[in-house]
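Take a look at the structure below.
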Amino acid sequence: MKSWNTSLQANYGTPTIELISGKGALVTDIKGVEYLDFLAGIATNVLGNAHPAIVRAVSKQIATLGHVSNFYAHPNVLALSKKLVAMTGDKSARVFFCNSGAEANEAALKLSRKTGRTRIVATKEAFHGRTMGALSLTGQPGKRDPFKPLIKGITHVPYGDMGAMLKKVSKKTAMVIVEPIMGEAGVIVPPHGYLQALRELCDETGALLVFDCVQTGMGRTGDWFGYEYSGIQPDVITLAKGLGGGLPLGAMIALGGAANLFQAGDHGSTFGGNPVATAAGLAVIDTIEKKGLLPRVSAIGVELMADIALIEGVQSVRGAGLLIGIEFSSPIAKMVTKVCERNGVLVNGNSETVIRIAPPLIISDREVAKFLKVFTESVHEVSKKVSD
Ligand SMILES: *Cc1c(COP(=O)(O)O)cnc(C)c1O
């Protein structure tokens, strides 16, 4: 792909596939080759590609009114925020719309400053985005180090380690931010009771508890946000990825007392709450509800994880719903990713030993079966090659 390297910056690797169309969980490249997409635009295309509900809502909106800015209200912004508030189960929750996950976390970071405190505790290996504020929250040295100095006062402790949290979180802490399940780090599920213990600690110290649900949100784990199983509520939820069903849309939802921390003039985004993006967001939620996708996601996830665990060479399988991490007993993840691609299935090699899958929530039983077949064969092919 020569023109990629001459006209685009080198910050991404050079892709080997150029996609031009898609329908449901299938995508087609410029040569006409079809792929079963088990990454779904990095967990964004929750309804797959070209879903009729999104196509209809977006087409109607762009043909009616494309953009208004936040100088004016729009029915979609009002409807989507109302919906999100209801989904939190907290009537006092209030929403700020933006365009990406990084922006949602930037908003949370700024919101935390309004507590009058400045210290923040985040977790090692966590991913919260790439802009300077979000990168300061991100716990991956490889992404952070070239851009230092970052924002001061942010400490990173090992994920899932309550002892480390207890040492660092104090009455001076403005916020604690964690992913309910770490996505980019390789689908890491925290130990039992972690989120509940964080809630207690934040209640004791007065720190805001922020859940970055950018990847776990919008039904991916079988719940709306991904933390519900814990039975507790955070003070702030950040969303993006699946929220716009493939369109750029993010949100920072503040609950309870945190809902009123921002005052007029404190924050803003020109495109935040754009009518077309919010039309897509409404279509996503409406479709997930009408098709009863949440229980289906949970059920498929459980079965799929059990089936993947049986494949020889797979050491462990973890995750929730359709956010699944597959750990191999040897460093074959990148090779398996390549072979899957050649065999018509797109997955994501997070590291040398982990593959992440995040298919659209509308995935059919037949597509799940096809994935299992191709994935199993690909693992066998690579294992054989490695042992030869
Ligand atoms: C992807 C991701 C982000 C960043 O989202 P962008 O839209 O790329 O800025 C933040 N947090 C989590 C948990 C993510 O998975």
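Start at 1 and go down the list; that is how both ligands and their atoms are numbered. Here the structure is a predicted model, which means the values were calculated and not measured. The chain is numbered in sequence order, starting from 1.
Taking a cut-off of under 4.0 Å to the non-hydrogen atoms of Lys241, the atoms of ligand 1 that pass are 1 (C), 2 (C), 3 (C), 14 (C), 15 (O). Contact atoms of ligand 1 toward Ser100: 7 (O), 9 (O) (distance under 4.0 Å to a heavy atom of the residue). Every atom of ligand 1 is numbered from 1 in the order shown, and the set under 4.0 Å from a heavy atom of Ala102 is 4 (C), 5 (O), 6 (P), 9 (O). Annotation for ligand 1: atoms under 4.0 Å from non-hydrogen atoms of Asp212 are 10 (C), 11 (N), 12 (C), 13 (C).
Counting heavy atoms closer than 4.0 Å to ligand 1, residue Asn105 contributes side-chain atoms (C-beta onward) but none from N, CA, C or O. Residue-level proximity to ligand 1 for Glu179 is carried by the side chain, the only part with a heavy atom below 4.0 angstrom. Looking at Ala240 against ligand 1, nothing comes within 4.0 Å, counting heavy atoms. Of all the heavy atoms of Arg130, none lies under 4.0 Å from any atom of ligand 1, so neither backbone nor side chain is involved.
Annotation for Arg94: atom CZ does not count as buried by contact number, only 12 or fewer foreign heavy atoms lying within 6.0 Å. The 12-atom threshold is not exceeded at NZ of Lys83, counting heavy atoms of other residues, nucleotides or ligands nearer than 6.0 Å. Heavy atoms from other residues, nucleotides or ligands lying under 6.0 Å from NZ of Lys168 number 12 at most.
Atom 12 (C) of ligand 1 has Phe127 O, 3.3 Å as its closest protein atom, hydrogens excluded (heavy atom only). Ranking protein heavy atoms by distance to atom 6 (P) of ligand 1, first place goes to Gly101 N, 3.5 Å.
Atom 8 (O) of ligand 1 is never approached by the protein to below 4.0 angstrom, counting heavy atoms only.
Annotation: Val214 places no N or O atom under 3.5 Å from an N or O atom of ligand 1; distance criterion only. Considering backbone and side-chain N/O atoms, Glu103 never comes within less than 3.5 Å of an N/O atom of ligand 1.
Counting heavy atoms from C-beta outward, Arg318 and Ile188 have side chains that approach closer than 4.5 Å.
Note on Lys110 versus Asp266: no salt bridge recorded, every NZ/NE/NH1/NH2 to OD/OE distance being 4.0 Å or above.
Phe271 has its ring centre no less than 6.0 Å from the ring centre of Phe97.
Using cut-offs of 30° and 60° on the angle between ring planes, the pair Tyr194 and Tyr159 is perpendicular. The aromatic rings of Tyr227 and Phe211 lie tilted to each other, with the angle between the two planes from 30° to 60°.
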Practice problem: Could you walk me through whether Ser269 and Asn70 pass the side chain to side chain donor-acceptor pair (under 3.5 Å) test, one step at a time? | Solution: CA-CA 8 Å; Ser269 162; Asn70 289 290; 5.7 Å; no
